[in-house]
Each structure stands twice: as C-alpha cells, then as structure tokens.
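Read through the structure below, which is laid out as structure tokens, and then see the notes.
The figures that follow rest on heavy atoms only: side chains count, while hydrogens, waters and symmetry mates do not. Reminder, nothing fancy here: chain letters follow the sequence lines and each chain counts from 1.
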Protein chains: 2
Amino acid sequence: MKKNRVTITDIARELNISPSTVSRALKDHPALKRETKDAVKALAEKWDYQPNLLALSLLNRKSNTIGVIVPEITSHFFSAIITGIQDVVGKSDYNIMICLSNESYEEELILVKKLLNMQIDGVLVSPSSETDDFDHFRKLQKNGIPVVVFDRDCPGLEADKVLVDDYSGAFQAVEYLIDRGCKNIAHLGGPLNLSTTGHRLNGYLDALRKNNMPIRREHIVHVPGFSHKDGIKPAKKLFQLDNPPDAIFAMNDNIAISAMHVAKKMGLKIPEEISILGFDDEPHSSFFTPTLSTVWQPVYSIGMLSARILLSHLKNKDNQLKFRKEIFKPELVIRNSSK
Amino acid sequence: MKKNRVTITDIARELNISPSTVSRALKDHPALKRETKDAVKALAEKWDYQPNLLALSLLNRKSNTIGVIVPEITSHFFSAIITGIQDVVGKSDYNIMICLSNESYEEELILVKKLLNMQIDGVLVSPSSETDDFDHFRKLQKNGIPVVVFDRDCPGLEADKVLVDDYSGAFQAVEYLIDRGCKNIAHLGGPLNLSTTGHRLNGYLDALRKNNMPIRREHIVHVPGFSHKDGIKPAKKLFQLDNPPDAIFAMNDNIAISAMHVAKKMGLKIPEEISILGFDDEPHSSFFTPTLSTVWQPVYSIGMLSARILLSHLKNKDNQLKFRKEIFKPELVIRNSSK
DNA sequence: AAACTCTATGCAAAGGTTTGCATAGAGCAC
DNA sequence: GTGCTCTATGCAAACCTTTGCATAGAGTTT
C-alpha cells in the first residue's frame, strides 16, 4: 500500500481549499457553496478518489467488519452456512472476515486475538471440536463485541445462538429405523465434547430406550474425524462383530457413505440386509446407489438468521440483557438406503 | 467497538509517563530504564492491553490483510483451495478476507472497490464466470496492490498466475475414452468465456481431431451451471438423440454424476453402454456406483502456491517486471464409470 | 563553580478523515 | 461610516500509535 492513493488532503491542496471543506463537499454538506461542491466532486472523480476506511474506522471506532470463525469450510455444511451469512451481510455496510480454526482450540485463540486487534465489530462463531473453554468468546463480549454462536453450541456461554435440534433429528432417524423393523441399530458417532454430535448420540440412545431396544456398547463406535476415510475402519469394526447391526445411524453423510461403501464391499444388500442413514443431506447424497437416507438441516437459514441477529445487535447497540436462542428443526429425508 | 479498550494513552496516564515511553517500553526499546519497562509491561498485562491494528495500519500504510476473491465456496474445489491458502497465510503475519462474488461480475466490482477502500495489501482472485473485463484487477495493480490469479485465467491481464492445464486434462480424458473403444463421445460443457471450461472444450475437440473422430455439434451440450441439478436436462438431451453418445466427458464431477444418474434412470449400463468421465475428483466421487472416473487437480497446491507467490511479493516489494505463471498438471483417475 | 557528557524521557508530527466551533468578509440596516 | 447578521470556509482536535529529535537533569571533568 504505497502512497499513490489520492487523499482528501491531495484534493484540498489542488483546489486551494481545506481538507475539511473537501470532506464536507464529498458529503454534500448544505453549508457549502454549490461551486465548491462541484469542483471537489469533479476532481475526486477525475483522480478516482477512494476513501481510506482505516482512517474512518480509527476515527469512528468502528471497523465495519464482522468476523466469522468456523472449524473448516471444505464440507458443504459450513460452506453453505457461510453463503447464507454472505448473502445477508453482503447487503449491509459490513464486510466479512472468514477465519478457519481447522478444528483447533489453539488456533481459535489466535484468531480471536487477531479479530480483537483488528477492532472487529461483531463475531459469528461455530467452535472447533477441541473447544471446551469459551473464555476467549467471553473476552470478545467483554470488549463490547457481540457474539452469535451458530450450529455447535457453547454450553454455559451467554450469547445469542442459532442451533439445530440435533437430538430431535437423531431421535426421529432412529425411531424411523425402529419403526421399519430394524432390531440392531448401530451408531457411528463423533466427538463427545461437540454439542452437535453429543446431542445426536443422546437422541440415538433415547430413541432406543423409548422403544425398549437394548443399548449395545459395541454398537456405538467413535469415528475420529468427519471425512469419508475416517469412517471406513469404524464401519468395518461394526460389520465384523458377532452380532453385527442391521442398521447404522451415522453422525454425518460422509461417514454414512463410508459405511455404505464397506457394506457393499462385504456383499451386504442395502437396505435389505443393512439400513444406513446419515445426517446433513449433502447435495450429492441423492446420487449415491442406493440414494442416501439422511437428516436434512436448514444450513443456509442458519447462516442467514445468525447474520441477521448480529447485524441487528450492531445496528441497535442496545446491549440487551436477553439473548435469543433459535433452534431449527431438522427433517428426515428418506431415500433408498433405509428400509 | 466502544471505548472500553485499553490504549497506550490510558497506560501512560496511569503511570504518569508519556505514550511514546509506553510504546517504547512495550517494544523493549534499549534506551529505556528497566524499571520503566517492567512497570509498563506489568500494567499492560494486568489491563489486558491489545494494540489497535487500525492505528498501526493507518500509520504504516499497511493493513496486513490479503483479499481472496472466489466465485463460490460450496464446491469442494474452491473450499480446498482456500484451505491451502489459509494454511500458508496462517503462518504469516497476514489475515485473510474471503470475498464471494457468487459468479457475478457486478458483485466482483463491488468487492474490489471494498478491498481498495480497506487498504488491502494484496489480492488472490479467481474471477466469476461472467467476468470478461479485468480492468478492476488492473486498478488494484495500479494502486500498488499485487494480484495473483488462480485457477480461472484472466487472458490479457499481466499478473502472476497459478493455473491448471485444463486443456491437457481434457485431452487425456478424451483420448483415454477413444483408446478404450468409445466412438461417439459427447461433452457436457460449461461457460465458454471461462478459461477453465473453455480449455476443457478445446482439449475435447482436439483429442477428437487428432484421432480422426468426427465432431458432432449435437454431442456438445452447454450446461448452464455447475450443480448436479444443472446437468440433468442436458444429459437427457444427449441420451434422447437419434445417435446418442457411448461416452460423456463432463466439465466437472457434479455434472458427470448427473449424467450417471440420468443414464441409470434410462436403464443404460455404465460403463458397458455408456462411459462417463468428470473433472475435479471430488472427495465423494470414489463412493458413487460405479465409482467415477475423473480428472484430478492439485487444488490444495494451487492454494498454497498462490499464497506463497503473493506473500513473496508483499515481503520483497520489488515490483518485479516479470510475472510468474505456474501451470499444474492434472491427472487422469480411472475408476469404474469408464471402460 | 562552570562546562561538558550522557541517560532517560517527552514533544510533536505523522498517517487520513471528520466535525464543533471560529472567523473573515460580504451584504444590509441605521 | 459604523455596526450587525449571515455565509462560506478554515482551524484544530480527535481517533491510536510510532519515532526523530529535543531536552531536563544527573554525573563527571576541569
């Protein structure tokens, strides 16, 4: 950023008027002579003057930038949420600074510090899978920066939240499998400290309990990651049991797809011999063979609503005492991978 | 951003020293008394002083922020590139401002203007599918902001570029199909003004020519978008021809998947009756039935290299006359959707 | 005692923009 | 001619931080 950008001071010098006059002319101040305004605007256009937002932000103590902290963006889930956020914020005066924590708590700390230093106006955050302590988010709030949590909850943190009823989605999914005659339903689950996958596990367990189905510990297998490759071994593990499952409820579509893959490799018929159901409803999930049954989430709406809530805060600056908590209902999407 | 952030002036007032002394103490200036330094640092720690980067940026004429303009992020392609960029830039002193143009030239103009106003230090850009005119990128350059173009080319724009040899990838793919005995190879193609899909079309055409295969205009069908749904009708159109193809080379995996879907619906056996080959190698492409043959691109490397080149510029500020042009080689990935 | 040197710290300007208050000068009334 | 009012513009401070140059005061030398 060299000094080749035109400034208000440059224009003032050229027209032999003061910078404050130039500033007023550019804002069409009523107390200014029409001739002065016209001369300033003509030169500003000719020299392609662009205001320096750093100076403005310093003066106004307002950077007009929103930080969005997400654990990753390669999944359609988070990238769709960000698109929802972008579509709302893009229509406002705010800019977005997207920050990737790579599922790392340490990285999240660094990002929060950077956003603080950059005098960010507000933050939208979905915490990393390692994050147990939310003090860094409280620090944002203490510094007058409103925080809206989306998708992954931060239990104990007082803030606006836009979540999904993961428990209910899981409960519905497992109940559906039970209703369809499945007797041995397994769960390929995610990190337990993560609210989303924790709630999904609980929904699975409660659905079994409610229907007097036995809870078999060997049928609940932890998956170390969220990618296809992470689900291969856990799925194999399930199928190699003495009492293998006749249905699998996976914590996300990628893992469900891995389970389908392994089942096919082992010659199992889907859904006749094994029903498989995921969570998320990725755009390509309806193109697998068989098409994947799953739980859909209104991801785009999560992004839109989160952004709207934050913008409302920034606009009103009312430090309201009461936080909003919106919980979107997921929907079961039955395709051909389940009976 | 309220005035509840501790400043250097606050610390100075509390310790009865001047702001310049506080600034020097925080930087461990050698000319300062040890006692003074210790007192300043202790209070800065106690009051949790965070430097205001807006003031620093204004003073240094350097915002330490890089803008990344991409047409969308919901595809794994762009999100993986951004992850590569993030992994490199994250290790530097720079921050990333990710901007989505939503395949809109108008939106891109607005984003470039915003980045200019924000005194961004450098820009990484993959243009929207509507962009024919690159003057807005030249304007960045004219303002001393280095630009690195990645993936989608900007013909005529003098800048560093990190591209993929789309032509070669397409050529290899079609030649492979020919070698495997396919006689009527169709192309489901993308926007012609877009370098990537334009090169893929050219590769397809030249591979046919080189092998003395007839070019049938009815076998080249334009797809209006990049999503699965965009490929359904064009694929149907192909299969409903009097001389339907026995192979399809699609401009990306999503469209290839759509073609597979339509072929199955029509009862065609893949690859016996119809070979299908895509481009990109999405993470889930090896999980379809049959698994999708495709052309892989080193997307993560594109991101990493683009970021490295830009950071090198920002570090050296040497306004080198010669731009770099790196062209990554794609690789054919043969799975079960082709003979 | 006076002059000189060195240490530790402060002043002030800079970066770019905004705006409350001040004021020069034109125009009008007496 | 003088005094008053109004218009159009400028001054200066603010926002936060940095740093070149200045300087007060302690210590040393003559």
- request: For A:Asp10 and C:dG16, give me the distance from atom CG to atom C1', rounded to whole Å.
  value: 10 Å
query: Is any side-chain heavy atom of B:Lys62 closer than 4.5 Å to a side-chain heavy atom of B:Leu314?
result: no
- prompt: To the nearest 0.5 Å, how far apart are NZ in B:Lys113 and CD in B:Glu108?
  reply: 15.5 Å
task: To the nearest Å, give me how far apart CG (B:Asn64) and P (D:dT17) are.
output: 16 Å
Tabulate atom names and distances for all N/O pairs under 3.5 angstrom spanning the protein and nucleotides 9-12 of chain D.
residue, atom, partner, partner atom, Å
D:dT9, OP1, A:Thr36, OG1, 2.5
D:dT9, OP2, A:Lys33, N, 3.0
D:dT9, OP2, A:Thr36, OG1, 3.2
D:dG10, OP1, A:Ser18, N, 3.3
D:dG10, OP2, A:Ser18, N, 2.9
D:dG10, OP2, A:Ser18, OG, 3.0
D:dG10, OP2, A:Thr21, OG1, 2.2
D:dC11, N4, A:Ser20, OG, 3.0

message: Please report the distance, rounded to the nearest Å, between OH in B:Tyr49 and P in D:dC16.
response: 10 Å
field: Spacing of B:Asn52 atom CG relative to D:dT18 atom C1', expressed in whole Å
entry: 13 Å
By side chain to side chain donor-acceptor pair (under 3.5 Å) - contacts of B:Asn16 (at least two apart): none
- line: Rounded to whole Å, CG of A:Asn60 lies from C1' of C:dT17 at a distance of 9 Å
- prompt: Going by atom types only, do B:Asn193 and B:Asp132 share a side-chain donor-acceptor pair under 3.5 Å?
  reply: yes
statement: Quick note, A:Arg61 side chain, CB onward, closest among D:dC16, C:dG15, C:dG16 is D:dC16
- prompt: Under 4.0 angstrom, heavy atoms only, what part of the nucleic acid is A:Ile8 near: base, sugar-phosphate, or nothing?
  reply: sugar-phosphate
field: Length of the line joining A:Leu54:CG and C:dT17:P, which is rounded to integer Å
entry: 10 Å
message: Can you measure A:Met118 atom CE to D:dC16 atom P for me and round it to whole angstrom units?
response: 17 Å
message: For the residue pair B:Glu103 / B:Ser129, report whether a side-chain donor-acceptor contact shorter than 3.5 Å exists.
response: yes
message: Would you say A:Ser23 places a side-chain N or O within less than 4.0 Å of OP1 or OP2 belonging to C:dT18?
response: yes
message: Using the side-chain heavy atoms of B:Leu56, tell me which of these nucleotides is nearest: C:dG16, C:dT19, D:dT17.
response: D:dT17
Between C1' of D:dG20 and CG of B:Leu59, the distance in whole Å: 13 Å
message: Between A:Arg152 and A:Glu72 (salt bridge meaning N to carboxylate O under 4.0 Å), is one present in this structure?
response: no
message: What I'd like to find out is whether the side chain of A:Tyr49 reaches to under 4.5 Å of the side chain of A:Leu43, using heavy atoms alone.
response: no
message: What I'd like to find out is whether the side chain of B:Ile85 reaches to under 4.5 Å of the side chain of B:Leu310, using heavy atoms alone.
response: no
Out of C:dT18, C:dT17, C:dG15, whichever nucleotide has its closest atom nearest the side chain of A:Lys27: C:dT18
- line: As a check of understanding: the bend across the helix from C:dA1-D:dT30 to C:dC30-D:dG1, end axes from five pairs, rounded to 10 degrees, works out to 90°
message: When you compare the side chain of A:Asp48 with that of A:Val6, does any pair of heavy atoms fall below 4.5 Å?
response: no
